[in-house]
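Read the structure below first, then the notes.
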Amino acid sequence: MSSNEMTGMTTSSGEALQENRVPIWRLRKAAANYIALIPYLAFALFPFYIIAITSIKSKQEINNLGESPFWASGIAVENYTFLYTNTSFFEHWMVNTLIVTTVSTIISVTVGILAAYALARLKFRGVEMFGVAVFITYLVPQTLLFLPLVDVINLIDDFIPIRDTYWSLILTYPTFLIPFVTWLLMGYFRTIPVEVEECAYLDGCSRLGALFKVVLPMAIPGIICAILFSYTLSWNEFLYSLVFIQDEYAKTLSVGVFTELIRGDIYFWGSLMAACLLGTLPIVILYGFLMDYYTSGLTQGAIK
Amino acid sequence: MASIKLTNLWKHYGDVQAVRGINLDIGHNEFVALVGPSGCGKTTTLRMIAGLEDITGGEIEIGENVVNEVPPKDRDIAMVFQNYALYPHMSVYQNMSFGLKIRKTPKEEIDKRVQMAAEILNISELLERRPAQLSGGQRQRVAMGRAIVRDPVVFLFDEPLSNLDAKLRVQMRTEIKKIHQRVQTTVVYVTHDQVEAMTLADRIVVMNEGVIEQVGTPNEMYSSPKTHFVASFIGSPSMNFMNCQLAKTAGGLAVRLSDDLSLPVPEDRTARYAPYADKEMTFGIRPEHVTEKRPHANGAQQDIDANVNVLEPMGVDTMVFFNLGPTEICARAEPTSVSEVGETMGFTVSMDKMHLIDPSTGAVV
């Protein structure tokens with residue numbers, strides 16, 4: 001923090017010397033920076049733009065090939081009302097997705113924290129092998145993993161009816177989320193100075209006490225990162241949801257939108273786009289709230 | 001307040017033996033410094049006392065209790081780490097009170113102790129700050145404050161001053177000494193800086209390659225080192241060492257440094273050195289015992305002449321490097337009496353301060 005202040009001070013005094021006039025070279029440099037960003041932004045934001053603009057077009061406007069696909073002549077809400085009245089978008093899909101995503105994120109981050117801490121800190125035989133194994137598990141593609149999982153879900157379904165309910169997803173999402181969260185947090189825990197933890201032991205903490213009172217508060221940026229990524233991964237998950245759930249009311253957003261708004265060769269373009277836009281909103285809001293924590297360095301000042 | 005007793009303490013890391021069967025008694029309220037080069041096992045020993053490392057063999061007693069199986073949290077020990085290890089998410093006050101809070105000390109008591117420690121360390125105005133907002137010296141004080149408030153039975157310091165700049169290090173060294181005088185507790189202090197060890201400790205433990213070379217008061221370590229290693233480690237600049245032969249002469253014994261240079265051994269040491277006559281030995285003498293030519297204070301002093309190689313003025317003294325036989329040695333001379341580089345200068349060697357080392361065992365005889 002002090003170094004930032006220092007830089008700030010030198011910059012302002014430097015500018016004061018030049019009578020507050022921004023030199024041309026600095027303007028050029030700034031312009032070059034922004035110009036360099038334009039291609040990136042075009043690729044990153046153009047799809048969102050098309051989604052947004054299409055979602056506020058009327059059906060006639062979308063189907064009129066004479067109209068430009070890049071502009072809208074007015075704002076129509078019919079696509080959004082269609083979602084509300086004719087589909088289970090808000091009533092079921094959104095709610096299901098929220099439940100599945102939240103519960104599986106909580107499970108995965110909790111299990112991941114404990115696993116990552118153990119792999120990063122505890123010394124036991126085969127700890128390194130185990131760490132690599134976690135990573136390899138994450139590398140197994142979902143497109144292969146769903147096959148045995150179908151069997152597992154069917155087996156459980158014989159005792160507890162979970163097929164065609166979001167419980168099948170809550171059970172299966174952690175299979176790819178936990179290895180990911182563990183791998184991510186393992187690296188983060190290793191950056192936390194071990195002396196701080198040892199100091200907590202000497203101050204009277206047990207290992208769990210030190211984990212909760214000292215290590216986790218210092219690992220907040222890493223944990224936030226894990227939450228954000230596992231939330232996004234499960235929010236966007238498609239394959240398991242498609243395989244395990246056929247009941248329209250039990251579907252999640254990604255599959256609901258895909259199966260109910262595309263009927264054979266009929267595409268409900270406007271509503272599809274409206275659904276996509278609304279579907280991304282919760283994630284955007286979540287990022288907005290958590291970004292500040294995510295970027296702040298919390299270990300500063302712990303050690304020399 | 002408690003004594004510490006290490007009995008035949010061993011630590012292995014796989015095939016590496018970090019600590020090899022050390023025995024040490026540390027008394028109540030004693031300030032003991034473990035000193036030695038990197039990798040000598042001093043920090044490992046400290047960490048075993050703290051309970052942060054498992055013990056491979058042997059026994060550690062704190063007070064009257066064997067603590068081999070006692071976890072760190074129950075040993076009632078406070079430790080100041082080399083890199084401070086402050087809790088970055090807590091204020092200075094919270095950092096200092098954390099240990100007391102865990103032990104469920106009443107709030108008023110915590111407040112009283114923190115305020116008192118803050119006063120001793122001169123950090124009362126920093127209590128609301130976060131570690132990131134503190135300078136290195138202030139962080140060091142907080143780390144010590146955190147240990148003081150706990151009022152532990154043993155204080156452990158792991159090279160606490162090595163991250164500070166030279167001036168601050170000297171200042172903090174004095175403060176640590178003052179604090180120990182005020183807060184009477186048993187202290188084990190690890191450092192690689194022998195000056196720190198000499199100035200702070202009641203007793204010094206010199207370690208090398210996992211074993212204790214010698215234990216003694218700072219003065220004992222300086223004037224009567226027991227091994228070549230201790231003789232070379234304690235003292236700054238370090239002792240001069242030269243290969244020599246212990247020759248028999250008509251009057252007794254002499255240290256033969258080269259064909260044309262022999263220095264007679266003082267009479268009172270003749271009997272002690274007699275068994276080593278005619279053997280190849282190592283002759284040791286501290287720079288401060290080789291001075292510019294002076295009137296002799298006793299019969300053991302000898303004069304020699306040599307060409308000056310290098311001069312290092314230190315202010316109060318000037319270090320003079322010259323060749324004695326084939327070896328270059330260092331003398332400590334009065335700044336006004338030194339010759340120019342390349343010129344001949346007269347020196348007085350106080351042979352009553354000499355050390356003779358048996359190179360086959362490394363022991364000072």
Side-chain angles (χ1 to χ4, degrees), chain A residues 1-9 113 120-128 188-225 292-304, chain B residues 13 47 49-54 71-92 94-105 129-140 142-143 146-147 149-150 152 154-156 158-160 162-164:
Chain A
M1 182 172 280
S2 58
S3 70
N4 288 345
E5 281 165 14
M6 290 276 287
T7 340
M9 276 167 65
I113 283 174
R121 279 287 197 263
L122 305 189
K123 290 170 194 153
F124 54 90
R125 201 181 286 263
V127 61
E128 276 173 29
Y188 203 87
F189 282 144
R190 285 192 181 137
T191 66
I192 292 176
V194 71
E195 290 90 348
V196 180
E197 211 179 318
E198 288 176 342
C199 207
Y201 298 149
L202 290 169
D203 266 342
C205 286
S206 61
R207 195 175 269 282
L208 269 185
L211 173 65
F212 285 111
K213 292 192 176 107
V214 173
V215 178
L216 289 189
M218 284 169 77
I220 282 177
I223 294 168
I224 297 274
C225 185
D292 279 351
Y293 291 98
Y294 172 50
T295 47
S296 67
L298 281 184
T299 53
Q300 206 187 10
I303 56 168
K304 161 90 181 170
Chain B
Y13 294 106
R47 289 172 59 81
I49 297 173
L52 298 172
E53 295 283 349
D54 293 334
K73 71 185 176 81
D74 299 326
R75 292 194 185 192
D76 198 10
I77 277 177
M79 184 160 165
V80 177
F81 289 83
Q82 183 174 6
N83 53 14
Y84 321 140
L86 301 177
Y87 308 125
H89 56 294
M90 299 182 193
S91 68
V92 169
Q94 289 167 327
N95 259 285
M96 287 167 72
S97 59
F98 184 72
L100 296 174
K101 234 166 118 185
I102 296 284
R103 289 183 161 78
K104 301 205 163 55
T105 314
R129 294 212 198 155
R130 292 279 172 108
Q133 298 166 300
L134 304 177
S135 70
Q138 289 170 332
R139 283 180 204 175
Q140 178 63 60
V142 175
R146 192 167 57 173
V149 291
R150 288 258 317 279
V154 177
F155 257 115
L156 305 178
D158 185 10
E159 309 207 17
S162 57
N163 279 338
L164 301 178

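Protein chains get the first letters and strands the later ones, always in sequence-line order, with residue 1 at the start of each.
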Region of B:R75 in contact with chain A, defined by heavy-atom distances below 4.5 Å: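 When you check distances to chain A, no heavy atom of B:R75 falls under 4.5 Å.
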
Which pair of heavy atoms, one from A:L202 and one from B:M79, lies closest together, and at what distance?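 In this case the closest contact between A:L202 and B:M79 is CD1-CB, 3.3 Å.
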
Smallest separation among heavy atoms of A:D203 and B:R150, with atom names: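 Shortest heavy-atom contact: OD1-NH1, 3.1 Å.
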
Set of residues satisfying salt bridge (Lys or Arg N to Asp or Glu O under 4.0 Å) with respect to B:R146, sequence neighbours excluded: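 Partners of B:R146 by the salt bridge (Lys or Arg N to Asp or Glu O under 4.0 Å) criterion come out as none, since no residue qualifies.
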
What residues, two or more places apart in sequence or in another chain, satisfy salt bridge (Lys or Arg N to Asp or Glu O under 4.0 Å) together with B:D158?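 So B:D158 forms no salt bridge (Lys or Arg N to Asp or Glu O under 4.0 Å) with any residue.
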
Pick from B:S135, B:P71, B:G99, B:A143: which one has the most heavy-atom pairs with chain A under 4.5 Å?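 Top option by heavy-atom pairs under 4.5 Å: B:G99.
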
I'd like to know which of B:I77, B:V80, B:D74, B:L100 tops the heavy-atom pair count under 4.5 Å against chain A.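 Max contact count across the listed options: B:I77.
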
Give, for atom CE of A:M218 and atom OH of B:Y87, the distance between the pair rounded to the nearest 0.5 Å.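 If I round to the nearest 0.5 Å, the distance is 10.0 Å.
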
If we ignore hydrogens and angles and just use 3.5 Å, is the side chain of B:H89 paired with the main-chain N or O of A:K213 as donor and acceptor?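 Yes; at least one donor-acceptor contact below 3.5 Å.
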
Chain B heavy atoms under 4.5 Å from A:A200: which part of the residue, side chain, backbone, both or neither?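 A:A200 touches chain B through backbone and side-chain heavy atoms alike.
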
